[in-house]
Amino acid sequence: MKDKVVVITGGQGNLGRAVAHAFQAAGCRLALIDHGAVPQTGESDRYLSVGEIDLTQWAHAERAMQIIVARYGRIDVLVNIAGGFLWQTLAEGELAGWDQMYDINLKTAVAASKAALPSILKSDAGRIINIGAGAAAKAAAGMGAYAAAKSGVLRLTESLSEEVKDRGVTVNAILPGTIDTPQNRKAMPKADTSRWVVPEAIADVVVFLASDGARAVTGAAVPVFGRG
């Protein structure tokens, strides 16, 4: 993994930071993309932050990847973490919520993958790793829009893996259970958080899928539920 160029969307979030730390420990060069403004402190020849990027817009996705390739010369690994959650019942929710979940969970992954793909295809071991959700397999009440979007991430993973499998690139998805984050603890104060999966555990699986050890794994959806 040493010196591989790894791009992480949603890189400033809880999971994004954990994944970045794991790749940094493996000796990789990092580029973190985020929707908001990002701090420029800590940047080096091995660490780049690209902020104010709206990955639902093709021009933004393309510009972000151009900035990264200009810095590092290539992209080896793309980790699509950017996304969000909305709970709403069909009866009481708004149709706009379905558009929102599609945009931030699926369209961001599509745009980032398309923009990074020309460079990834030039890598000797290109990898795309998408973050889906356990709800993509079984949706609870109020999670229809979110689960539908994350199901789309799985279909993207399957289709793209077939598209590029003969070109040395693997495409896989991870299906996390409830992630132990400050936001989830606040939203579910009575939950048994010991059963949740910590971001660092998910990051370990991401790094494995990006490694040579996972070279024969593609089109997979890997559940990472902890004890949930």
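- Counted within 6.0 Å of CZ on Arg167, heavy atoms from surrounding residues, nucleotides or ligands total 12 or fewer; the atom is thus considered open.
- The CG atom of Leu15 sits 9.0 Å away from the CD atom of Glu200 when rounded to the nearest 0.5 Å.
- The minimum heavy-atom distance linking Ala220 with Asn172 is given by the pair N-OD1, 2.9 Å.
- Residues passing the salt bridge (Lys or Arg N to Asp or Glu O under 4.0 Å) test with Glu62: none are found, sequence neighbours excluded.
- Side-chain contact between Ile120 and Ile128 is present, with at least one heavy-atom pair separated by less than 4.5 Å.
- Looking at heavy atoms from C-beta onward, Phe23 lies in side-chain contact with Leu30 at the 4.5 angstrom threshold.
- Taking the side chain as every heavy atom from C-beta outward, Arg29 and Arg74 approach each other to under 4.5 Å.
- Few gaps surround CD on Gln66; more than 12 heavy atoms of other groups in view lie less than 6.0 Å from it.
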Audit row: Val6, Arg127, side-chain contact (heavy atoms from CB on, under 4.5 Å) steps and yes/no: CA-CA 9 Å; Val6 179; Arg127 304 283 189 267; over 6 Å; no
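- Closest approach of Ile81 to Gly10, counting heavy atoms only: CG2-O, 4.4 Å.
- Between atom CE of residue Met1 and atom CD of residue Gln24 there is a gap of 13.0 Å, rounded to the nearest 0.5 Å.
- Ion pairing of Lys107 with Asp99 is absent here, as no side-chain N (NZ or NE/NH1/NH2) approaches a carboxylate O to less than 4.0 Å.
- Across every non-hydrogen atom of Ala109 and Leu156, the tightest pair is CB-CD2, 3.9 Å.
- With contacts defined as side-chain heavy-atom distances shorter than 4.5 Å, the pair Asn130/Leu154 does not qualify.
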Verdict with supporting geometry, Asn184 and Thr178, side-chain contact (heavy atoms from CB on, under 4.5 Å): CA-CA 8 Å; Asn184 282 339; Thr178 304; 4.1 Å; yes
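- No donor-acceptor pair under 3.5 Å is formed between the side chain of Thr89 and the backbone N or O of Gly142.
- Side-chain contact between Leu121 and Val169 is present, with heavy atoms from C-beta onward closer than 4.5 Å.
- When all heavy atoms are compared, the tightest approach of Ala61 to Ala115 is O-CB, 3.6 Å.
- Atom CG in Asn105 sits 4.0 Å away from atom NZ in Lys150 (nearest 0.5 Å).
- With no hydrogens or angles considered, a side-chain donor-acceptor pair links Asn80 and Ser113 at under 3.5 Å.
- We find that Arg71 and Asp45 are not joined by a salt bridge, their nearest charged nitrogen and carboxylate oxygen being 4.0 Å or further apart.
- Ser161 approaches Glu158 most closely through the heavy-atom pair OG-O, 2.7 Å.
- Side-chain heavy atoms closer than 4.5 Å link hydrophobic residues (I, L, V, M, F, W, Y) into clusters, and following such links, possibly through other members, connects Ile8 to Ile179.
- A distance-only check finds no donor-acceptor pair linking the side chain of Arg195 to the backbone of Phe225 [under 3.5 Å].
- Proximity of Leu32 to Val50: side-chain heavy atoms (C-beta onward) are nowhere separated by under 4.5 Å.
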Step-by-step side-chain contact (heavy atoms from CB on, under 4.5 Å) determination, Leu90 to Trp98: CA-CA 10 Å; Leu90 184 64; Trp98 290 76; 4.1 Å; yes
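- Linking ILVMFWY residues whenever their side-chain heavy atoms come closer than 4.5 Å, directly or via other members, places Ile67 and Leu55 in the same cluster.
- Side-chain atoms of Ser119 come within 3.5 Å of backbone atoms of Ile75 as a donor-acceptor pair (strictly under, hydrogens ignored).
- Without hydrogens or angle criteria, Ser159 side chain to Arg155 main chain gives no donor-acceptor distance under 3.5 Å.
- Looking only at distances, no side-chain donor or acceptor of Thr9 sits under 3.5 Å from a matching main-chain atom of Ile33.
- No chain of hydrophobic side-chain contacts below 4.5 Å, direct or via other Ile, Leu, Val, Met, Phe, Trp or Tyr residues, connects Tyr146 to Leu175.
- Residues Leu160 and Leu117 have side chains in contact (heavy-atom distance under 4.5 Å, counting atoms from C-beta outward).
- Side-chain N or O atoms of Gln88 include none that pairs as donor or acceptor with a backbone N or O of Met143 at under 3.5 Å.
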Pair Phe85-Gln183, side-chain contact (heavy atoms from CB on, under 4.5 Å): steps then yes or no: CA-CA 11 Å; Phe85 178 77; Gln183 294 88 341; over 6 Å; no
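- Of all heavy-atom pairs spanning Met65 and Ala112, the tightest one is CE-O, 3.7 Å.
- If you chain together hydrophobic residues whose side chains sit under 4.5 Å apart, Tyr47 and Val77 fall into the same group.
- Here the NE2-CD1 distance, from His60 to Ile53, works out to 6.5 Å after rounding to the nearest 0.5 Å.
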Below 3.5 Å, can you tabulate the donor-acceptor pairs from side chains in residues 201-214 to any protein atom, sequence neighbours excluded?
unit_1: Ser211; atom_1: OG; unit_2: Phe208; atom_2: O; d: 2.6
unit_1: Ser211; atom_1: OG; unit_2: Gly213; atom_2: N; d: 3.3
unit_1: Asp212; atom_1: OD2; unit_2: Arg215; atom_2: NH1; d: 3.4

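- Note that the CD1 atom of Ile104 and the NE2 atom of His35 stand 9.5 Å from one another [nearest 0.5 Å].
- Residues Arg185 and Asp180 have side chains in contact (heavy-atom distance under 4.5 Å, counting atoms from C-beta outward).
- Hydrophobic clustering, with ILVMFWY side chains joined whenever heavy atoms are under 4.5 angstrom apart, groups Val222 together with Val217.
- Using a distance-only test at 3.5 Å, with no hydrogens or angles considered, no donor-acceptor pair links the side chain of Asp3 to the main chain of Cys28.
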Verdict with supporting geometry, Lys4 and Asp124, salt bridge (Lys or Arg N to Asp or Glu O under 4.0 Å): CA-CA 10 Å; Lys4 293 287 187 182; Asp124 58 357; 3.1 Å; yes
Steps toward side chain to side chain donor-acceptor pair (under 3.5 Å) verdict (Asn14, Thr181): CA-CA 7 Å; Asn14 294 291; Thr181 65; 4.6 Å; no
